[in-house]
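What follows is one structure encoded as structure tokens, with my remarks underneath.
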Amino acid sequence: LNMPPKLELIAAACENMGIGANGNLPWRLKTEMAFFTRMTTDTKDRNKRNVVLMGRRTWECIPGKYRPLKNRINMVLTSQLLNCGDEAIVCKSIPHALDVISEMQNQVERIWVIGGSSVYKSAMESPHFGRLYLTRIKKKFECDTFFPLIPNDFVSIEDPAVPQGTQEENGIEFVYEVYERR
Ligand code: FOL
């Protein structure tokens, strides 16, 4: 066994910090979703994979044809008995998920926390927090789930893997931001 990598969060939120509506994403932004897929899938080491760690409702919001998220190790957090078959590894908490990952000796490159609200909040409060990749969508959408408050010791940083400046798709502007704890 070995030390698990730090938790990296990835999310897209609109002006009112909404991330979801009626069990779905409130928008359809093809290039933004392609950014999610690239960031969560790509590894430096061809022999390693990334984990996508998510809550049960986020697992259910992924369309059947994309689930489990391909070329990534899917892990689902739930306190209930949930059977994802061989599609995902079920864990009861972030510490439990980190224990399971440490036993996959050196097979995991990055751990991507992909939501929802309560999982993002726990991950930002965790001593294992590493980074937040947050896409800010410059428009208001009606939402019923929201990204948690970003702690005031988070600072914006640059990552060469992340496009800089304002992006635009279907007349909707958005910016990719990256944060670390100061
Ligand atoms: N982070 C960012 N930046 N954008 C998001 O849309 C996002 N979404 C979630 C978590 N973090 C995010 C959770 N919701 C899929 C669907 C919903 C979802 C996450 C992923 C999904 O089906 N992804 C496929 C590609 C689908 C497509 O191309 O339309 C995948 O393989 O990644």
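We're numbering straight along the sequence, starting at 1. Keep in mind it's a predicted model, so treat the numbers as computed, not measured. Whatever order the structure lists them in is the order used to number ligands and atoms, beginning at 1. Values reported hereafter were calculated over all heavy atoms of this structure, with side chains retained and with hydrogens, waters and symmetry mates removed.
The protein non-hydrogen atom at the shortest distance from atom 4 (N) of ligand 1 is Glu32 OE1, 2.7 Å. Counting protein heavy atoms only, atom 11 (N) of ligand 1 is closest to Ile10 O, 3.2 Å. Scanning the protein heavy atoms around atom 22 (O) of ligand 1, the nearest turns out to be Tyr66 CB, 3.3 Å. Here the protein heavy atom with the shortest distance to atom 20 (C) of ligand 1 is Phe36 CE2, 3.5 Å.
Side-chain atoms of Thr40 come within 3.5 Å of backbone N or O of Phe36 as a donor-acceptor pair. Distance alone, capped at 3.5 Å, places no donor-acceptor pair between the Glu15 side chain and the Ile137 backbone. Judged purely by atom type and a 3.5 angstrom limit, Asp159 uses its side chain to pair as donor or acceptor with the backbone of Ala161. Formation of a donor-acceptor pair under 3.5 Å by the Asn2 side chain with backbone atoms of Ser102 is found in this model. A donor-acceptor pair under 3.5 Å is absent between the side-chain atoms of Asn74 and the main chain of Pro68, judged by distance alone.
Judged by the shortest distance from any of its heavy atoms, Lys30 lies outside the 4.0 Å radius around the atoms of ligand 1. No heavy atom of Gly115 sits closer than 4.0 Å to any atom of ligand 1. In this structure, Trp59 has no heavy atom closer than 4.0 Å to ligand 1.
Only the side chain of Pro63 comes within contact range of ligand 1, with a heavy atom under 4.0 Å; no backbone atom does. Contacts of Ala12 with ligand 1, taken as heavy-atom pairs under 4.0 Å, involve both backbone and side chain.
Close contacts of ligand 1 with Leu25, meaning ligand atoms under 4.0 Å from a residue heavy atom, involve 6 (O), 8 (N), 14 (N). Near Tyr120, with a cut-off below 4.0 Å to any heavy atom, the atoms of ligand 1 are 10 (C), 11 (N). With ligand atoms numbered from 1 in the order given, ligand 1 contributes 9 (C), 10 (C), 11 (N), 13 (C) to contacts under 4.0 Å with heavy atoms of Ile114. For ligand 1, the atoms sitting less than 4.0 Å from at least one non-hydrogen atom of Leu69 are 21 (C), 23 (N), 24 (C), 30 (C), 31 (O), 32 (O), numbered in the order shown with element in parentheses. Close contacts of ligand 1 with Thr37, meaning ligand atoms under 4.0 Å from a residue heavy atom, involve 25 (C), 30 (C), 31 (O), 32 (O). Each of the following atoms of ligand 1 lies closer than 4.0 Å to a heavy atom of Thr135: 3 (N). Set against the non-hydrogen atoms of Ile62, the atoms of ligand 1 under 4.0 Å away are 22 (O).
Between the side chains of Glu173 and Thr166, not a single donor N or O lies within less than 3.5 Å of an accepting N or O. Under 3.5 Å, the side chains of Ser156 and Glu177 contain no donor-acceptor pair of N or O atoms.
Considering backbone and side-chain atoms together, Thr58 places no N or O closer than 3.5 Å to any N or O of ligand 1. Checked against a 3.5 angstrom limit, the closest N/O atoms of Lys70 and ligand 1 fall outside it. Remark: ligand 1 and Arg72 share an N or O pair separated by less than 3.5 Å (distance only, no angle test).
Tyr120 and Phe147 have tilted rings, their planes meeting at an angle from 30° to 60° on a 0 to 90° scale.
Salt-bridge check for Arg181 with Asp153: passed, with a basic side-chain N closer than 4.0 Å to an acidic carboxylate O.
The option with the heavy atom closest to atom 15 (C) of ligand 1, from among Arg67, Met33, Arg28, is Met33.
The aromatic ring centres of Trp112 and Tyr133 sit less than 6.0 Å apart.
Clustering ILVMFWY residues whenever any of their side-chain heavy atoms sit less than 4.5 angstrom apart, transitively, puts Leu134 in the very cluster that holds Phe129.
The salt bridge (charged side-chain N to carboxylate O under 4.0 Å, His left out) analysis of residues 107-119, with sequence neighbours excluded, yields the pairs Glu8-Arg110.
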